[in-house]
Amino acid sequence: MTEENYAFILLCDEKWWNKLCEHNRKNQNKTHSFVRRNLRGPLKAEKLLFYVKSPVKQIRGTADFVERVAGDSEKLWRKYGSETCLENFKEYQGFLHGSEKATFVRFKNFRELETPIPAKTMKKVLGVLKVPRGGKYINRETTEQLAV
């Protein structure tokens with residue numbers, strides 16, 4: 001891992017953020033998985049930052065990146081489905097909208113931030129108006145400037 005890829009910002013909807021937090025409360029100190037449609041997500045990083053999109057527009061949590069596993073959606077569900085906030089295979093299929101490929105971003109030490117980082121601060125530190133839908137790598141210095 002290079003210093004340039006120290007952290008990765010993952011985008012999520014408020015609905016999935018709330019489900020992730022609930023899942024974490026029930027399964028603390030375990031490895032979790034964040035599901036992405038198709039083949040996208042970080043390959044190498046030390047930290048993950050969870051940015052909850054509109055209407056919240058805040059970085060709401062962090063975690064330690066474990067690995068990204070991508071491929072056949074059914075095989076991934078059988079192996080890692082219990083790590084997700086999804087209730088069952090049917091909900092998982094609905095989330096994927098028919099995609100046969102999926103990505104599981106695995107992480108541990110998930111925590112909700114006591115003081116979320118607003119989009120205004122992100123824009124100032126990152127110098128961008130919008131985080132790309134696929135996510136964004138940031139370096140250690142920028143991560144520290146965000147005070148996460």
Side-chain angles (χ1 to χ4, degrees), residues 1 5-123 125-126 128-138 142-148:
M1 180 200 63
N5 295 350
Y6 175 74
F8 189 85
I9 301 172
L10 282 170
L11 275 68
C12 62
D13 293 327
E14 188 174 18
K15 170 187 174 181
W16 298 112
W17 168 254
N18 291 334
K19 287 183 75 120
L20 175 62
C21 292
E22 182 182 322
H23 184 260
N24 182 58
R25 286 183 206 111
K26 292 177 185 174
N27 300 286
Q28 289 183 346
N29 302 320
K30 293 192 177 184
T31 300
H32 302 284
S33 286
F34 184 86
V35 179
R36 307 286 309 261
R37 291 179 196 95
N38 299 312
L39 306 176
R40 54 168 97 158
L43 292 172
K44 295 180 180 179
E46 198 168 310
K47 297 284 182 191
L48 296 174
L49 307 178
F50 295 86
Y51 177 74
V52 182
K53 301 185 301 186
S54 194
V56 176
K57 295 184 180 181
Q58 296 176 326
I59 294 176
R60 285 280 185 94
T62 67
D64 296 331
F65 177 74
V66 173
E67 68 177 333
R68 176 190 120 164
V69 185
D72 180 78
S73 62
E74 286 191 40
K75 288 179 184 174
L76 289 172
W77 176 260
R78 283 194 297 273
K79 190 166 184 178
Y80 302 110
S82 64
E83 295 179 356
T84 74
C85 64
L86 298 162
E87 300 286 327
N88 52 47
F89 185 67
K90 184 177 180 179
E91 184 179 29
Y92 172 68
Q93 286 181 310
F95 175 79
L96 293 180
H97 299 296
S99 177
E100 294 179 12
K101 301 289 183 190
T103 299
F104 281 57
V105 179
R106 301 183 71 226
F107 57 92
K108 59 185 178 182
N109 301 322
F110 173 77
R111 71 178 179 91
E112 296 176 60
L113 296 177
E114 288 182 30
T115 306
I117 299 158
K120 182 176 159 184
T121 303
M122 280 181 48
K123 289 175 187 174
V125 172
L126 298 176
V128 295
L129 296 175
K130 194 173 180 183
V131 176
R133 286 182 18 204
K136 179 173 178 53
Y137 280 108
I138 58 175
T142 302
T143 305
E144 290 169 359
Q145 286 175 3
L146 289 171
V148 290

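When a residue number appears, it is its place in the shown sequence, counting from 1. What you see is a predicted model, and the numbers here were worked out from it, not measured in a lab.
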TODO: Report the C-alpha separation of Arg78 and Phe89 in whole Å, then their side-chain angles, then the decisive distance to 0.1 Å, and conclude whether the side chain to side chain contact (heavy atoms under 4.5 Å, CB included) test is met.
DONE: CA-CA 9 Å; Arg78 283 194 297 273; Phe89 185 67; over 6 Å; no
- [ ] Looking only at non-hydrogen atoms, find the nearest pair between Phe50 and Leu20 and report the distance.
- [x] CE2-CD2, 3.9 Å
Open item on the list: Nearest 0.5 angstrom please: Leu146 CG to Lys47 NZ, how far?
Closed with: 13.5 Å
TODO: Ignoring hydrogens and angles, tell me if any N or O in the side chain of Thr103 forms a donor-acceptor pair with the backbone of Ala70 under 3.5 Å.
DONE: no
Task: Smallest separation among heavy atoms of Ala119 and Tyr51, with atom names - done: CB-OH, 3.8 Å
- [ ] Measure the CG-OG1 distance between Asp64 and Thr31 for me, rounded to the nearest 0.5 Å.
- [x] 10.0 Å
- [ ] Supply the atom-to-atom distance Leu86 CG to Gln93 CD, rounded to the nearest 0.5 angstrom.
- [x] 11.0 Å
Open item on the list: Is there a side chain to side chain donor-acceptor pair (under 3.5 Å) between Asn24 and His32? Walk through the geometry before answering.
Closed with: CA-CA 8 Å; Asn24 182 58; His32 302 284; 2.9 Å; yes
TODO: Find the distance between NZ (Lys130) and CE (Met122) and round it off to the nearest 0.5 Å.
DONE: 12.0 Å
Open item on the list: So for atom CG, which belongs to Asn29, do other residues, nucleotides or ligands contribute more than 12 heavy atoms lying within a distance under 6.0 Å?
Closed with: no
Task: From Arg68 atom CZ to Leu43 atom CG, the distance as rounded to the nearest 0.5 Å - done: 4.5 Å
- [ ] Please say whether more than 12 non-hydrogen atoms of neighbouring residues, nucleotides or ligands are located less than 6.0 Å from NZ in Lys19.
- [x] yes
Task: Beyond-backbone contact of Ile138 with Leu49, side-chain heavy atoms, under 4.5 angstrom - done: yes
Open item on the list: Could you check whether any side-chain heavy atom of Val35 comes within less than 4.5 Å of a side-chain heavy atom of Trp16, counting everything from C-beta outward?
Closed with: no
Open item on the list: Within the 4.5 Å heavy-atom criterion, are Tyr6 and Thr142 side-chain neighbours or not?
Closed with: no
Task: Check ion pair Asp72-Lys101 (N to O, under 4.0 angstrom) - done: no
Open item on the list: Strictly distance-based, threshold 3.5 Å: is any side-chain N or O of Asp13 a donor or acceptor partner for the main-chain N or O of Lys15?
Closed with: no
Open item on the list: ring-ring contact (aromatic ring centres under 6.0 Å, His included), that's the test. Do Phe8 and Phe107 meet it? Break it down for me.
Closed with: CA-CA 12 Å; Phe8 189 85; Phe107 57 92; over 10 Å; no
Open item on the list: Please determine whether a side-chain nitrogen of the Lys or Arg among Glu112 and Arg25 lies less than 4.0 Å from a carboxylate oxygen of the Asp or Glu.
Closed with: yes
Task: Closest heavy-atom pair and its distance - Pro42, Leu48 - done: CG-CD2, 4.0 Å
Task: CA sep, side-chain torsions, deciding dist, call: Phe110, Gln28, side chain to side chain contact (heavy atoms under 4.5 Å, CB included) - done: CA-CA 8 Å; Phe110 173 77; Gln28 289 183 346; over 6 Å; no
TODO: Check for a donor-acceptor pair, side chain of Tyr92 on one end and backbone N or O of Ser73 on the other, with a separation under 3.5 Å.
DONE: yes
Open item on the list: Measuring only between side-chain heavy atoms, which start at C-beta, is Thr62 closer than 4.5 Å to Arg111?
Closed with: yes
Open item on the list: So which atom in Arg106 and which in Ser33 form the shortest heavy-atom distance, rounded to 0.1 Å?
Closed with: CG-OG, 3.4 Å
Task: OH-CD1 distance between Tyr137 and Ile9, expressed to the nearest 0.5 angstrom - done: 12.0 Å
Task: Least distance between heavy atoms, Ala102 atom then Leu39 atom - done: O-CD2, 3.7 Å
Task: Closest non-hydrogen atom pair between Asn88 and Glu91, with its separation - done: OD1-N, 2.8 Å
